[in-house]
Amino acid sequence: MALLELKNITKRYNHECCALDDVSFSVDKGEFVSVIGPSGSGKSTLLRCINRIVEPTTGEICVDGVISSSLNKKKLRKLRTKIGMIFQHYNLVERLTVIENVLHGRLGYKSTLAGVFGRYSQEEKRQAFQILEMLGLNDQVNKRCDQLSGGQKQRVGIARALVQNPKLILCDEPIASLDPNASKIIMDHLRNISTEMGITVIVNLHQVEVALKYSDRIIGVNNGKVVFDGPPSELTTRQ
Ligand code: ADP
Ligand code: ADP
């Protein structure tokens, strides 16, 4: 069974603009998918529809066997814990430390910041430290996020997504603000998360060459439509 299924998704923000136009595809467990396309083609909207930050105008999205449009607020919150999000501008709480940001991920994005640290079990903290170590951040755990480099901040973003034990990680232009060196580190980690942990990863990217290097599958979008869906080798032979 597919982990994610989109059926005939259309999104209109207003009457003139069709950000997504009848998009259908499904993604299997553990697949690493890159979504490529020019600016304004609908990549962000696509990811936002999957975790329902944005409501599709028509169509159906099924995540891990659950049709997301049928859910009440409580069940939607539960579904969102299965979906980690990683953003271009990291979306960390800059004045909090690395470990505080990571543990905060468990509570979801809308929780209050009051008493962030005291609420967690030893097991939750142990897992958070383990993930930070895997991402090479053991020396940074108690640093405030505003003291980190961009690449380190994005690794904190990855750690925050991973402590939720997600089945799916959605990354919206995760390397668009990073230099080539930091970009490689982030893409290597995302690839490992898919290969070694069996987590499905969907990454919006500007750079075709990065998509070709890392993905199992590339979905090309233009003007809200899927214009390519296949393995990197197929995209190369078409060019
Ligand atoms: P991409 O991520 O590929 O740059 P987006 O999904 O951000 O594409 O945008 C797709 C289209 O939808 C664009 O025409 C954009 O201007 C429009 N759009 C995106 N977000 C909104 C919004 N909140 N309100 C109105 N239009 C939007
Ligand atoms: P991105 O790098 O994701 O393409 P944008 O600069 O297109 O970012 O969009 C930044 C924010 O503005 C997003 O929250 C998006 O939803 C919103 N947005 C984009 N286009 C429009 C639009 N035409 N009208 C209103 N909001 C928009």
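Just the heavy atoms: all of them, side chains too, but no hydrogens, waters or symmetry mates, feed the values below. Remember, predicted model here, so these are calculated numbers, not experimental data. For ligands, and for the atoms within them, numbers begin at 1 and follow the listed sequence.
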Where ligand 1 meets Ser41 - atom numbers and elements under 4.0 angstrom, heavy-atom basis: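 Those qualifying, in numeric order: 1 (P), 3 (O), 8 (O).
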Ligand-residue contact atoms, ligand 1 with Ser39, heavy atoms, under 4.0 Å: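 Near Ser39, meaning under 4.0 Å from one of its heavy atoms, ligand 1 has 4 (O).
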Partner residues of Ser215 under the side-chain hydrogen bond (donor to acceptor under 3.5 Å, both in side chains) criterion, sequence neighbours left out: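 Ser34.
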N-O pairing of Asp229 and Arg217 below 4.0 Å: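 A salt bridge links Asp229 with Arg217.
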Any donor-acceptor N or O pair under 3.5 Å, side chains Asn222, Ser41: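 No pair is found: no donor N or O on one side chain lies under 3.5 Å from an acceptor on the other.
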Geometric cation-pi criterion, Lys125 with Phe129: 6.0 Å, 45°: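 Here Lys125 fails the 6.0 Å and 45° test against Phe129.
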Option set Pro38, Ser44, Gly40, Ala19, criterion heavy-atom distance to atom 4 (O) of ligand 1, minimum: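 Of the listed residues, Gly40 has the closest heavy atom.
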Test of proximity, Thr45 against ligand 1: N or O pairs below 3.5 Å: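 So ligand 1 has an N or O lying under 3.5 Å from an N or O of Thr45.
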